[in-house]
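Reviewing the structure listed below.
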Amino acid sequence: MAAASISDDPGLLRTLAERRSVLIAMLVFGLILAAAILAPLIAPADPAKMAVRARLSPPFGDYLLGADAFGRDVASRLLYAGRVSLLIGVGTALVATVAGIAIGLLAGFFSRLDAPLSRLIDAMMAFPDILLAISLVAIFGGSIANVILALSIVYTPRIARIVRAATLVIRELPFVEAARALGTGNLSIMTLHILPNIVSPVTVQATFIFAYAMLAEAGLSFLGVGVDPSIPTWGTMVNEGRQYIDQAAFLIFFPGIAVSVAVLSLQLIGDGLRDALDPRLAKEL
Amino acid sequence: MKLYILKRLVGMVVVVFLVLTIAFVIVRLAPGDPAALMLGPDATPADAAELRARLGLDRPIPVQYLTFIVNALQGDLGQSLFFNRPVLSVLAERVEPTAFLALFSLAISVVIALPLGIFVAYRRGSFLDQSAVSVAMLAASVPSFWTGLVLQRYLATDLGWFPASGYGGPDATFLDRMGYLMLPSIVLGIVNSALILRFTRASMLDVLGEDYIRTARSKGMTEGRVVLRHAMKNAAIPIVTVVGLTFALLVSGAVVTERVFNIPGMGNLVVGAVLRRDYPVIQGTLVVVATLYILINLAVDLLYLVIDKRVRY
């Protein structure tokens, strides 16, 4: 994610790893990421293969994490579902970040655009995120790309607002004035002088959006209005398992724990990044 | 100050207008013919044409837009395709459970998070502080529908402490109905507490570091008085803000929680509307909820004037 661009700075990683909770969170999240990427190699079974006789087999027997109502291997489904959930999270974080930077820079840099864009951001943020997301998915349809698009629309205003606020401050600083005096164009000022100075708050916020988007995706899939129910995600797994909660509660436990652990570690990393990049931000954002 | 209030009101009108515009645009973003989408695959072209005419979709977009805005300002958000009744009256029937669910969970989270947040800020770095912060972080990471399902399974189905789902029959008394909201409110309250706790703690920490707090202490003022009278007063603004902001979180939470506990509120209505492609209801819910959010946050801003005498706009 966006963190990659700054992780080649060894100072930052070291600062991050100094806090034990953040270090653990990075390890856990790295593990989840690796497991999802390597799913085809490490999954014990084909996630779609049904075996009627294994229906609702309890965990820690023939099946490591049990089998679902169709006798499909829960552990394998969990790994494959993680790919989709993480993809939606990272996709949303990236799209929302790019769009939010563009809108925020325009609003913060050009005074004339500020009022209309800011009011638009206010209006977008008046819609509760799940409500806006399900409405958008209802309109666009439930493919993975559409869910990413819908969630990106929901979260773009958050990035835009932060970028706008930072741009308003930075554009008045002497080095921007100096660049302007040298005849630097608006576009260059924005990309070369302002953008590098807003990387920190944006990275922090993007990490949180990654986490929120995964939570929102789980919520959408649980409601049956997210990605197509045939695609396993952690949310759809909980939704499917719900019917069997009295006989086989493990069906909702594992995907629920997976999404919680992933979101928790992302939030811890986000907090760590925030403190490491700028201690003052902890108060402002 | 009057000027400020006037400015805020004008700003609010603009944002509400934009909310209406966004809701109008969203429904028209649908690829293809919205009428055909609403009717489903079995509809004949004639049916679609009829629905288009009924919804005014056959008219030019600017005309549709103007009609929508003018009607909305008169309190007419269109007709539900499924219920065949005005959207607002459909929504009005579903307000009670959602409003009380939001209210109860807000009350629960304020009662838990406010005193705890103040206390742990005061005992910064203590074991209790660290535990509270970690638990809050965890609570904010667990999907609320999952907490709901787990508590429903064990506290309601197994132990029978709460009704497991529903909202009582048609002749359930008000108290009965509220009983059905207990467990859902607790679930939503837990999630909401996490946010309020973090905010309360952070704003108390800010204030407790101020010079005047040291002055108050050096005057020999009791700790209780320092924290509750001096610090609390100034920490109140960010706390009131976050309580206003959690409204959006509560509505999002209610959508999901109502689904878990099968409560016939606005959340359930809108999810049903999405599954049935009842676009006017989706549009109407978006408009109503967003407008409410704007009004609540306006009220919060105006509340600052009362809380903090220094705030002069």
Using the test salt bridge (Lys or Arg N to Asp or Glu O under 4.0 Å), find all partners of A:D228 that sit at least two apart in sequence or belong to another chain.
none
Select one option (side chain, backbone, both, neither) describing which atoms of A:N239 are under 4.5 Å from chain B's heavy atoms.
neither
Will you find, in the side chains of A:E217 and A:S221, an N or O donor that is under 3.5 Å from an N or O acceptor?
yes
Heavy-atom contact with chain A under 4.5 Å, split by part of B:R259:
both
Quick check on A:I153 against chain B: is it the side chain, the backbone, both or neither that has a heavy atom closer than 4.5 Å?
neither
Counting only N and O atoms by type, is there a donor-acceptor contact under 3.5 Å from the side chain of B:N192 to the main-chain atoms of B:L188?
no
Top residue by heavy-atom pair count (under 4.5 Å) with chain A, among B:Y154, B:W146, B:F17?
B:W146
What part of A:A211 lies closer than 4.5 angstrom to a heavy atom of chain B: side chain, backbone, both or neither?
neither
Under 3.5 Å, is there a donor-acceptor pair between the side chain of B:R153 and the main chain of B:G148?
no
Chain B contact via A:R242 - side chain, backbone, both or neither, heavy atoms under 4.5 Å
side chain
Using a cut-off of under 4.5 Å on heavy-atom pairs, state which of B:V260, B:T285, B:L286, B:T291 scores highest against chain A.
B:L286
Looking only at heavy atoms, which of residues 125-145 of chain A get nearer than 4.5 Å to chain B?
A:M125, A:A126, A:F127, A:P128, A:D129, A:I130, A:L131, A:L132, A:I134, A:S135, A:L136, A:A138, A:I139, A:F140
B:R8: which residues meet the salt bridge (Lys or Arg N to Asp or Glu O under 4.0 Å) condition with it, sequence neighbours left out?
B:D301
Using atom types as modelled and distance alone, determine if a side-chain donor or acceptor of B:R28 lies under 3.5 Å from a backbone N or O of B:F24.
yes
Are B:D129 and B:R201 close enough for a salt bridge, meaning some N to O gap below 4.0 Å?
yes
I'd like to verify something: which residue of B:S203, B:A290, B:G253 has the highest number of heavy-atom pairs under 4.5 Å with chain A?
B:A290
Residues 134-144 of chain B: residues contacting chain A (heavy atom under 4.5 Å, by number):
B:M137, B:L138, B:A140, B:S141, B:V142, B:P143
Evaluate the side-chain proximity of B:L250 to B:L101: yes if any heavy-atom separation is below 4.5 Å, no if none is.
no
Contacting region of A:Y212 [heavy-atom separation from chain B under 4.5 Å]
neither
